[in-house]
Participant: 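Following this message is one structure expressed as structure tokens.
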Amino acid sequence: MKVGVVDIGSNSVRGLLGEIQEGKEFRYMRGDIITTRLGEGLSKSGKLSDEAIYRTLQGVKSLLDAFKRYEVREIYGFATSAVREAKNGRFFLKILRKESGLSVDLLSGEEEALLNLLGVEVGIGIEGSYLLFDIGGGSTEIALKKEEDLILRSFPIGALKIRERFGRELDEACCFLEAFWREEASDLRRLTQGIDNFVGIGGTLSALVLLRKKATSYDIKAVHGETIDILWLYEKLRELKELTLRELELLLPFDPGRAYIFPHGGALLFSLMSFFSACEVKVSETDLLWGALVKRWNVRGFKL
């Protein structure tokens, strides 16, 4: 059975398409990402703008058209932080359903963190205690699994919000993030003492891996399971903050639409790694889209 998943995020609309085979294994066929910046301006206005809603509607329709060409039988859609926070978020979901025919679940921050965890555990096969970071455009989710305990947290800070607040002033952004985590997540840091297993997900991490590999196109197998070293990341951020937007777009031929917030996502990752004393982070491409497969269709394995 062919199925599709749609993720409506603050910076992009993402699609995952594949086939659930015998034994409940999901065979990956394609993944799509369309930069729509639904959360653009949300921090100031508290609402989704008409322009952002239009861009996102067109992005969702484009994904649904692709699903139709592949004769997908079932589609599951969900929305995350931008729609959660917006005063007109529910209105947007009604318009989306009317215009595209897609009914979308609105995930809480904790539900988002749980789907991330499900996707990572099936996709990476991680064992023991670990800390999971998900860096999005409008929020950051953290999941801590320690022995039998599971803690899921969502923080209203993401790459797009950092970009809108600080522009290209990455040094100021880093100072803010250091204080933010100290204020909001010191309890989590105490609980992670003794844990040296860190996993990260999100477009920023994928782009960092592809950048390090000098890739010109996206390849899920080239990213999944790779690691990012904090010293390499520090040096790369020093380079990125000196580049113009056009230079960043040329640097990211596999996803030029991310150039606008790429340094800010990198700064957010660096702040998390520093705060939690993570020397390196393993990157998982099986995130909440894949976790949705586990929860919705009881998928037990992924074939990339």
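In this chain, numbering begins with 1 at the start of the sequence shown. None of the values given here were measured: they were computed from a predicted structure.
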Participant: So does Gly167 get a backbone contact from the side chain of His264, meaning a donor-acceptor N/O pair under 3.5 Å?
Facilitator: yes

Participant: So does Glu19 pair up with Arg27, basic N to acidic O under 4.0 Å?
Facilitator: yes

Participant: Counting C-beta onward and ignoring hydrogens, is there a side-chain heavy-atom pair between Leu233 and Met273 closer than 4.5 Å?
Facilitator: yes

Participant: What heavy-atom pair brings Gly59 and Thr36 nearest, and what distance separates the two atoms?
Facilitator: CA-CG2, 4.5 Å

Participant: Can you find a pair of side-chain heavy atoms, one from Leu131 and one from Val199, that are under 4.5 Å apart?
Facilitator: no

Participant: In sequence, state the C-alpha distance, the side-chain angles, and the governing distance for Asn116 and Asp287, and then conclude on side chain to side chain donor-acceptor pair (under 3.5 Å).
Facilitator: CA-CA 5 Å; Asn116 281 322; Asp287 56 11; over 6 Å; no

Participant: Could you check whether the rings of Trp297 and Tyr76 sit parallel, tilted or perpendicular, using 30° and 60° as the cut-offs?
Facilitator: perpendicular

Participant: Among Tyr28, Trp290, Tyr218, whose side chain to side chain donor-acceptor pair (under 3.5 Å) with Glu285 holds?
Facilitator: Tyr218

Participant: To the closest 0.5 Å, what do you measure between CG (Leu16) and CG (Leu293)?
Facilitator: 5.5 Å

Participant: Using 30° and 60° as the class boundaries, would you call the ring planes of Phe302 and Phe26 parallel, tilted or perpendicular?
Facilitator: perpendicular

Participant: About how many Å separate CG of Leu96 and CD1 of Ile53, when rounded to the nearest 0.5 Å?
Facilitator: 10.0 Å

Participant: On a heavy-atom basis, which atom in Ala207 and which in Arg258 lie closest, and how many Å separate them?
Facilitator: CB-CD, 4.1 Å

Participant: For Asp32, is there an ion pair with Arg30 - N to carboxylate O distance below 4.0 angstrom?
Facilitator: yes

Participant: Take atom NZ in Lys47; do more than 12 heavy atoms of anything else shown fall under 6.0 Å from it?
Facilitator: no

Participant: Apply salt bridge (Lys or Arg N to Asp or Glu O under 4.0 Å) to residues Arg238 and Asp171 and explain how you reach the verdict.
Facilitator: CA-CA 10 Å; Arg238 292 180 63 184; Asp171 291 338; over 6 Å; no

Participant: Phe78 and Ala292: which non-hydrogen atoms are nearest, and at how many Å?
Facilitator: CE2-CB, 4.0 Å

Participant: Could you walk me through whether Leu240 and Phe262 pass the side chain to side chain contact (heavy atoms under 4.5 Å, CB included) test, one step at a time?
Facilitator: CA-CA 9 Å; Leu240 293 177; Phe262 181 55; 3.6 Å; yes

Participant: Ignoring hydrogens, what is the shortest heavy-atom contact between Ser10 and Gly137? Give both atom names and the distance.
Facilitator: CB-C, 3.9 Å

Participant: Verify the cluster assignment for Ile261 and Leu177: are they in a single hydrophobic cluster under the rule of side-chain heavy atoms below 4.5 Å apart?
Facilitator: no

Participant: Is a donor on one side and an acceptor on the other found under 3.5 Å between the side chain of Lys146 and the backbone of Leu191?
Facilitator: yes

Participant: Test your reading of the model: is there a side-chain donor-acceptor pair from Thr56 to the backbone of Ala52, 3.5 Å cut-off?
Facilitator: yes

Participant: I'd like to know if Arg55 pairs up with Glu40 as an ion pair, taking the criterion as any Lys NZ or Arg NE/NH1/NH2 lying under 4.0 Å from an Asp or Glu carboxylate oxygen.
Facilitator: yes

Participant: When the ring centroid of Phe166 is compared with that of Phe176, is the distance short of 6.0 Å?
Facilitator: yes

Participant: Between Ser139 and Glu141, is any side-chain donor less than 3.5 angstrom from a side-chain acceptor?
Facilitator: yes

Participant: Side chains of Leu210 and Val223: closer than 4.5 Å at any heavy-atom pair?
Facilitator: yes

Participant: Quick one: is the NZ or CZ of Arg182 closer than 6.0 Å to the six-membered ring centre of Phe275, and within 45° of its axis?
Facilitator: no

Participant: Starting from Ile95, can I reach Leu63 by hopping between I/L/V/M/F/W/Y residues whose side chains sit under 4.5 Å apart?
Facilitator: yes

Participant: Taking atom OG of Ser49 and atom CG of Leu38, what is their separation to the nearest 0.5 Å?
Facilitator: 8.0 Å

Participant: Do Ser271 and Trp181 make a side-chain contact, defined as non-hydrogen atoms from C-beta onward lying under 4.5 Å apart?
Facilitator: yes

Participant: Checking the side chain of Asp105 only, and the main-chain atoms of Leu107 only, is there a donor and an acceptor separated by less than 3.5 Å?
Facilitator: no

Participant: Quick one: are Glu226 and Lys282 in side-chain contact, heavy atoms under 4.5 Å?
Facilitator: no

Participant: I want to check something: taking the side chain as every heavy atom from C-beta on, are Thr80 and Glu111 in contact at a cut-off of under 4.5 Å?
Facilitator: no

Participant: Salt-bridge test for Lys241 and Glu169: reply yes if a basic N is under 4.0 Å from a carboxylate O, no otherwise.
Facilitator: no

Participant: Between the side chain of Ser43 and the main-chain N/O of Lys161, is any donor-acceptor distance below 3.5 Å?
Facilitator: no

Participant: Under the criterion side chain to side chain contact (heavy atoms under 4.5 Å, CB included), I'd like the reasoning laid out for Val5 against Ile75: C-alpha separation, chi angles, the key distance, then a yes or no.
Facilitator: CA-CA 6 Å; Val5 184; Ile75 300 171; over 6 Å; no

Participant: For Glu247 and Thr244, indicate whether the former's side chain and the latter's backbone hold a donor-acceptor pair under 3.5 Å.
Facilitator: yes

Participant: Mark yes or no for whether Glu249, through its side chain, and Gly257, through its backbone, hold a donor-acceptor pair below 3.5 Å.
Facilitator: no

Participant: For the CZ atom of Arg189 and the CD1 atom of Ile195, what is their distance to the nearest 0.5 Å?
Facilitator: 14.0 Å

Participant: Are Phe67 and Met29 connected, step by step, through hydrophobic side chains (Ile, Leu, Val, Met, Phe, Trp, Tyr) whose heavy atoms are closer than 4.5 Å?
Facilitator: yes

Participant: Salt bridge check: are Arg296 and Glu74 linked by an N-O gap of less than 4.0 Å?
Facilitator: no

Participant: Does some side-chain heavy atom of Leu205 sit less than 4.5 Å from a side-chain heavy atom of Phe133?
Facilitator: no

Participant: Check for a donor-acceptor pair, side chain of Ser284 on one end and backbone N or O of Thr286 on the other, with a separation under 3.5 Å.
Facilitator: yes

Participant: Under 6.0 Å from the ring centre and within 45 degrees of the ring axis: does the NZ or CZ of Arg163 meet both conditions for the six-membered ring of Tyr260?
Facilitator: yes

Participant: Should Glu99 and Lys61 be marked as a salt bridge (Lys or Arg N to Asp or Glu O under 4.0 Å) after you check the CA-CA gap, both sets of side-chain angles, and the distance that decides it?
Facilitator: CA-CA 9 Å; Glu99 295 291 325; Lys61 289 178 181 179; 3.6 Å; yes

Participant: Tell me whether the count of non-hydrogen atoms from other residues, nucleotides or ligands lying under 6.0 Å of NZ in Lys295 goes above 12.
Facilitator: no

Participant: Determine, step by step, whether Val122 and Leu118 satisfy the side chain to side chain contact (heavy atoms under 4.5 Å, CB included) criterion, reporting the C-alpha distance in whole Å, the side-chain angles of both residues, the deciding distance to 0.1 Å, and the verdict.
Facilitator: CA-CA 6 Å; Val122 173; Leu118 293 175; 5.7 Å; no

Participant: How far apart are the closest heavy atoms of Ala79 and Leu93, and which atoms are they?
Facilitator: CB-CD2, 4.3 Å

Participant: For the atom pair CD1 (Ile34) and CD1 (Ile8), what is the distance rounded to the nearest 0.5 Å?
Facilitator: 11.0 Å

Participant: More than 12 heavy atoms of other residues, nucleotides or ligands under 6.0 Å from NZ of Lys213: is that the case?
Facilitator: yes

Participant: Taking NZ, NE, NH1 and NH2 as the nitrogens, is one of them in Asp229 or Lys236 under 4.0 Å from a carboxylate oxygen of the other?
Facilitator: no

Participant: Looking at every non-hydrogen atom in both residues, tell me the closest pair between Ala113 and Ile142 and how far apart they are.
Facilitator: CB-O, 4.4 Å

Participant: State whether the side chain of Arg168 and the backbone N or O of Leu243 hold a donor-acceptor pair below 3.5 Å, judged by distance alone.
Facilitator: yes

Participant: Same cluster for Leu57 and Tyr54 if Ile/Leu/Val/Met/Phe/Trp/Tyr side chains link at under 4.5 Å?
Facilitator: no

Participant: To the nearest 0.5 angstrom, please state how far the CD1 atom of Ile230 sits from the OG atom of Ser274.
Facilitator: 4.0 Å

Participant: Would Val83 and Ile157 show up in the same hydrophobic cluster when neighbours are defined by side-chain heavy atoms closer than 4.5 Å?
Facilitator: no

Participant: Could you check if a side-chain atom of Asn11 sits within less than 4.5 angstrom of a side-chain atom of Thr35, using non-hydrogen atoms only?
Facilitator: yes

Participant: Does His224 use its side chain to pair, donor to acceptor, with the backbone of Gly123 at less than 3.5 Å?
Facilitator: yes

